[in-house]
Each structure stands twice: as structure tokens, then as C-alpha cells.
2 protein chains.
Amino acid sequence: MTRQRRVLLEILDQSDAHLDARTLCERAQKKIDIDRATVYRTLELLKQKGLIDELDLMHLHGEMHYFEARTGSEHFHLACYGCGKITEVEDGMFERLKKHVALHEGFKVQTARLEIGGYCRACTAQHKKKSRV
Amino acid sequence: MTRQRRVLLEILDQSDAHLDARTLCERAQKKIDIDRATVYRTLELLKQKGLIDELDLMHLHGEMHYFEARTGSEHFHLACYGCGKITEVEDGMFERLKKHVALHEGFKVQTARLEIGGYCRACTAQHKKKSRV
DNA sequence: GCTTACTTGCGAATGAGTCGCAACTTTAGA
DNA sequence: TCTAAAGTTGCGACTCATTCGCAAGTAAGC
């Protein structure tokens, strides 16, 4: 566990938003001297260890990938095509679905990622209002 | 609707595997003269129209992205970290989860993507056998 | 057939991510 | 504490997917 790795994990843990590699790198460089390559290598490592998850959030902003620290709670993401907002949802049904798949398919689940793209409540309302005019 | 677009859709429709941009491009070039840029532009277009889905299959093979034509049936993907096999699963529970989210979060679902990484039945068995030795 | 709007191919540019290697840290053992 | 081995980092160069601008080509409606 080196200084570089500690700082990266710290940033990921504390960040409430989802960071892409570049942003993570920039933030880390404000704190210590760290190279791009190290950031990528560390992300790869943390991913393998299961400490972080990689997302793409329905490619709302191009082909970019995002990372988030794994907390105890399992959640999934809603991405609004209208306003771009990302919402995290915790719902027991997601857990049940995973268990269900494990059982029915004989699959040992390590990581599950559910991402849903569409329109949030606010944007749907907006849209309806507009089309009424 | 140009020749290029027709060919690309045709390949995606017919392919049973998941194609990345490069492979799709290579296959298309066997049939007609078509440029890389056109392939990317068309993929973007088809994605927006909701005719294809973009997947990353848990980054089993690096940061590559895959595309598949949208069929009527909704399914999700299991990616085996052991043997690399991708399995498609159709399960009513997935549909129910989407409806549930739509209702509870007031979210208008357009696209939902569920990808699960772990170990398939065969690889799990193999692993157990090995660790017994 | 003609015109307008859209698409394509090309070549160049961008930029994320990777690699090899020498220098530096960490760790554990003497 | 000192030392050696193993693992990690920074650097610079490199690869390669993806994007862009623009001129030429094509589709669709009149």
C-alpha cells in the first residue's frame, strides 16, 4: 500500500460523484505527484480486488468510463437522457434478481451492474408540458 | 437509408455474437467499400434511434465496446471471468424490475442494461475440483 | 432531371490508455 | 539497523480507437 494508492482510494471513497480516469488523475495530482500511468494501473488493481466498480452510465457523455468505490450497499444507476442526472437506487428487488440468477443459471455472481437510461420525473413532466403547448 | 447503413444493420441483425466497432467494420468492408468513420457515425445513429444496444460485457476484454441489434426480447448478459463465455438470459424478473423502477422512481425507462460478472457453472465446478486436490 | 439536404470517404488530428525501462520504495529477514 | 528482493512509480514513447473538417457523392422529393 503506497502513498499513491492511498490517495486514489481516498478520493474515490470521498467523492459522491462518479469519476472518470482523467478527473481522478487531476484531483490526485493536486495532492501529490502522480503519473497518469499509475492511476490507470491502480484502477486496474482496485477493480480486480473488487474495491471499486467500473460504470459507463449509459454513455451519456461519450465512451467515457467512471469509477466508484464499492460500499456495503448494492445499488444501481438511472441516467436521465434529458438532464443528464445520475440517480443511485437501492432496491431489494435488485438483490433478489441476483440471487435468482445465481440459482437458476448456476452462476456465481461476483459483480452485477444495472444501468437504466430514460427520463427522470422532472424531464418527463417538462416534456408533457411542452407537447401540450 | 443508404447502402452503407443497410449493410451494417444487416450484419448486426444476423450476427449471433456481439461485435465491436472494429470487427463490424472489417465484416462490412468484405461486402462493400465503407470507411471506418462511417461505421462509427452509423453506430451512433442507430444507438440514438434505439435500434441497437451498446454493451461492454464487464470489460472482460479490456475497454472494448460491443453492439447488438435490439430484438423484441429483452435479455441481459452473464460474463464468465473464468472461460470468458457470454450467456444471454431472458427472465421475466428483469422486466418486472424495470416496471418496478419506473413506478417507484417515476422514471421513464428507455433502455436497461444488466451485466453480471462471475463464474459459470462449469468454471465453478472446475475450481472446486482443483481446490480439492 | 434538378435541387436541396444529407452522407460518405479521406486524411489529419485528438486523446485515452499501454508499455518498457531505469530509479525508487517497501518489506521482511539477517 | 542494514540489506537484498520484490514490487511500484515516473517518464517518454507509442499504439490505436475515435473524431473532425471538408470536398465529392448520393438519396429523396418535386
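All values below come from the heavy atoms of this structure, side chains included, with hydrogens, waters and symmetry mates left out. The chains referred to below are lettered A, B, ... by the order of the sequence lines, with proteins before strands, and numbering in each begins at 1.
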Any pair counted as salt bridge (Lys or Arg N to Asp or Glu O under 4.0 Å), so long as it reaches residues 81-95 of chain A, sequence neighbours left out: A:Glu95-A:Lys98
Sub-4.5 Å side-chain heavy-atom contact between B:Phe107 and A:Ile116: yes
B:Leu12-B:Ile34 co-clustered via ILVMFWY side chain contacts under 4.5 Å: yes
Terminal helix-axis angle for the helix from C:dG1-D:dC30 to C:dA30-D:dT1, with five pairs defining each axis and rounding to 10 degrees: 40°
Within residues 48-63 of chain A: residues closer than 4.0 Å to DNA chain C (heavy atoms): none
Hydrophobic cluster identity match, B:Phe94 and A:Val89, side-chain contacts under 4.5 Å: yes
Pairs under 3.5 angstrom, nitrogen or oxygen only, protein versus nucleotides 6-17 of chain D, please.
| unit_1 | atom_1 | unit_2 | atom_2 | d |
| --- | --- | --- | --- | --- |
| D:dT8 | OP1 | A:Arg5 | NH1 | 2.9 |
| D:dT8 | OP1 | A:Arg5 | NH2 | 3.3 |
| D:dT8 | O5' | A:Arg5 | NH2 | 3.4 |
| D:dT9 | OP1 | A:Thr2 | OG1 | 2.9 |
| D:dT9 | O3' | A:Gln4 | NE2 | 2.9 |
| D:dG10 | OP1 | A:Gln4 | NE2 | 3.3 |
| D:dG10 | OP1 | A:Asp33 | O | 2.6 |
| D:dG10 | OP2 | A:Asp35 | N | 3.1 |
| D:dG10 | OP2 | A:Thr38 | OG1 | 2.6 |
| D:dG10 | N7 | A:Arg41 | NH2 | 2.9 |
| D:dG10 | O6 | A:Arg41 | NH2 | 3.4 |
| D:dA17 | OP1 | B:Arg22 | NH2 | 2.6 |
| D:dA17 | OP2 | B:Arg22 | NH2 | 3.4 |

ILVMFWY cluster, A:Leu78 and A:Tyr81 together (side-chain gap under 4.5 Å): no
Residue pairs fulfilling salt bridge (Lys or Arg N to Asp or Glu O under 4.0 Å) with at least one residue in residues 47-60 of chain B, sequence neighbours excluded: A:Glu63-B:Lys47, A:Arg113-B:Asp56, B:Glu44-B:Lys47, B:Lys47-B:Glu54, B:Asp53-B:Arg70
Test item: A:Thr42 side-chain N/O and A:Thr38 main-chain N/O as donor-acceptor pair under 3.5 Å: yes
For chain A, the stretch of DNA chain C it reaches, first to last nucleotide, under 4.0 Å of its heavy atoms: C:dA16 to C:dG20
A:Glu115 and A:His77 side chains, donor-acceptor separation under 3.5 Å: no
Basic-acidic side-chain contact under 4.0 Å: B:Glu26, B:Lys30: no
Common cluster, A:Leu43/A:Tyr66, ILVMFWY with side-chain heavy-atom separation under 4.5 Å: no
Polar contact flag, side-chain donor to acceptor under 3.5 angstrom, B:Thr23-B:Asp20: yes
B:Cys80 to B:Leu60 - nearest heavy-atom pair and separation: O-CD2, 3.7 Å
